Structure formats: structure tokens, C-alpha cells
Amino acid sequence: AKWYAGMADSGSTGFDGTEFFIGEGSGASSDAHLVIDASGNVGIGIAPAHTFHVHATSTTDNQPAVWLHNNHNASNKDGTVISTTNDGSDAEVLHVRANNTTYNNGTSLMLVRGDGNVGIGTSSPDTKLDIVGSDFAGASLKIERTGDGENDDSAIRLNRTGTVDANDRIGGIYFQDNDTSLACIRGEKIGTNDGRLDFIVPNGSALGNTTAPILTIQNDRVGIGTDSPPFELSLPSTKVIGFDFGANSASRSWGFRTDQQAFGDFSIMTSDARDNTLDVYALNISPAGNATFAGNVTASKETDITNTTTD
């Protein structure tokens, strides 16, 4: 093939006759290898529409249009640096697209903005990393470890630096509906090497910074309804604890309850329906130690049982 270097013909597709042209054929050829226009824009494979414009139609499998590579394997020898002086949310430092015919259309695959936000599947990331997808594969994050051994797990690390005082929050995982938090798993610092893990589920209201946890794990202790469990399994005195068991909703259910009738009572009861209204008492013990059996047999502390009704 013959090469041509000179001014492009004004009648050529994409050229107005002011471009410096290197290519195969003649000045009228559209097979441009290098073009420099009157504005100083440089095009490879195309008349440039930008400061540096590369256009390629590869017919070879696994051959990229562009490969930037530093073959000097030594300390402080960098590869490719992409930068902008605009540090605002309107600046696209790096934008990877697919199915596009121009630089600003098609499907957004990944965007790095001037403010540091990174979007995957979105062109408007509102956090440092914003992943958007329509299904599990498109909106999930996979971290895979390939090494052997028991240590060095695959991990998501939520870390705080600087001064971290007791009761300071380390980090949380939030479960949201249209940016409204409905549940949260949060870690806090308690002591020098002590931590606490809270499971927070608000009851009918939006989750806030002061929402109390429903479950807390701290120092080998578990608290339900309390964030300071004094025992291995703790509930505050204002809470009711109960266990129900029965075959199904149509079967008679048995249950154990605390605080069912009055403050501090302990009850064993049954009902025709498995719900929170167990109303037939087989045994009820008051804080004073008095017991009621089957609703009509009573005992006062350690005294004899008196049966007021017989069957």
C-alpha cells in the first residue's frame, strides 16, 4: 500500500481540507491513520472530535483498541494517570461505557467523578461507591479468596482511624427501602479491646441514631431489648418473655410467660389459638411466691395447696 502524508482533501468524508493527514492511499482516502486538525486535536483512525480521539474497528479476537503499558518494572515507575483539576460532581474523570456511538451516550458501566464518587451501573453515584443493578448478579458484591489455610478470610472491613472513644460507633450495615433505613447491624467500641454488636429493627418508625437495638452481643453476653446485658442471656424487667409451642394455628398451644398478669408474674398457660392472648392458666406464680393452679387451685408460698373447686 502507498502512504500519503500531507493535507487532507476538502472533499474527503470527515475532513475540511485543513487537517494534516497520514494514511494509506491519497489525500482523498478515508483510511486515516493519524490526523491533526487546525485546532491541534489529534485523531488516530478518525478525524478528531476531541483533543485526543482514537477510533478503531478491530477484526482480530482479543485485540484491544488501546493498550497503555509501562514495561519498566521498577519502583515508582507508574502506568497510566488520568486526572482533572475539576473536583466537582459534574466532572467525569473516567467514564466507561458500552453500546455507544458517541462519547456521551450508551450504557454507563463505571464512572469516576471529580468528587471521588464511583458509580457502577449508574452515572449519578451519590456515595463513594454506588452499585446499581436490576437483579442479584447486577446489584451484588462478591469477594472471593483463592488461597488455602484457615486464616486470612475474605472480608469486608469497617474501620475507624484517629481517636475512637468508648461508645463510639465503628460502622454499620443498613437495610433500606428507597433510602429509608428499616434495619441495621452496627458495631460499637465499648472498651480498649471490647466491642459490641447491635441488631436494630425499629418498630413502626424510621431508624435513627438513637433507635435502641432489639438484640445486642457484648462480652460473651446476649441482650434482648437491652444494650447492657448483665448475664449470658438478659432481658430488661420491662419486657415479657414467652415461649409457645403447638402443632399449628388450629391446635391448642402451650406457653411460658413472664409478666403476663402483673409485674413479675411467671405463668404456664394454654389457649385454643397460637397467639399472644393465651388465657387459660395452668400455673401462675406471683413475685410474692403465691401460686395459682388451673385458675382455681391456690397456694401461698410454701403452705399447703387448697383446691376450692373439684371436677
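Remember, it's a predicted structure, so these values are computed and weren't measured experimentally.
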Side chains of residues 149-166: which donor-acceptor partners sit under 3.5 Å, not counting sequence neighbours?
| unit_1 | atom_1 | unit_2 | atom_2 | d |
| --- | --- | --- | --- | --- |
| Ser154 | OG | Arg145 | N | 3.1 |
| Arg160 | NH1 | Arg169 | O | 2.8 |

Item to check | Residues that Phe52 engages under side chain to side chain contact (heavy atoms under 4.5 Å, CB included), provided they are two or more places apart | outcome: Val42, Ile44, Val54
Checklist entry - Linking Ile, Leu, Val, Met, Phe, Trp and Tyr by side-chain heavy atoms under 4.5 Å, what else ends up with Val81? => result none
Checklist entry - Does the Thr226 side chain pair with the main chain of Gly223, one donor and one acceptor, at a distance under 3.5 Å? => result no
Item to check | Which residues share a side chain to side chain contact (heavy atoms under 4.5 Å, CB included) with Ser140, sequence neighbours left out | outcome: Phe136
Item to check | For Ala183, side chain to side chain contact (heavy atoms under 4.5 Å, CB included) partners two or more places apart | outcome: Phe175, Val201
Name each donor-acceptor pair under 3.5 Å that joins a side chain in residues 84-100 to protein atoms two or more places apart or in another chain, with its distance.
| unit_1 | atom_1 | unit_2 | atom_2 | d |
| --- | --- | --- | --- | --- |
| Thr84 | OG1 | Asn86 | N | 3.2 |
| Asn86 | OD1 | Gly88 | N | 2.8 |
| Asn86 | ND2 | Asp90 | OD1 | 3.4 |
| Glu92 | OE1 | His95 | ND1 | 3.0 |
| Glu92 | OE2 | His95 | ND1 | 3.3 |
| His95 | ND1 | Arg97 | NH2 | 3.2 |
| His95 | NE2 | Ser108 | OG | 2.8 |
| Arg97 | NE | Tyr103 | O | 3.0 |
| Asn100 | ND2 | Thr102 | O | 2.9 |

Next on the checklist: So, using side chain to side chain donor-acceptor pair (under 3.5 Å) as the criterion, who are the partners of Thr216 when residues are at least two apart?
Outcome noted: Asp198
Checklist entry - Taking only residues two or more places apart in sequence or in another chain, which ones pass side chain to side chain contact (heavy atoms under 4.5 Å, CB included) with Ser39? => result Asp37, Asn41
Next on the checklist: List the residues meeting side chain to side chain donor-acceptor pair (under 3.5 Å) with Asn71, not counting sequence neighbours, and say none if there are none.
Outcome noted: His69
Next on the checklist: Under the rule for ring pair (Phe, Tyr, Trp, His ring centres under 6.0 Å), what residues qualify as partners of His72, not counting sequence neighbours?
Outcome noted: none
Checklist entry - Quick one: hydrophobic cluster around Leu207, which other residues, with the 4.5 Å side-chain cut-off, linked directly or via members? => result Tyr174, Ile200
Return a table of donor-acceptor pairs under 3.5 angstrom between the side chains of residues 125-132 and protein atoms on other chains or two or more places apart.
| unit_1 | atom_1 | unit_2 | atom_2 | d |
| --- | --- | --- | --- | --- |
| Thr127 | OG1 | Leu129 | O | 2.9 |
| Lys128 | NZ | Asp115 | O | 3.0 |
| Asp130 | OD2 | Asp126 | N | 3.3 |

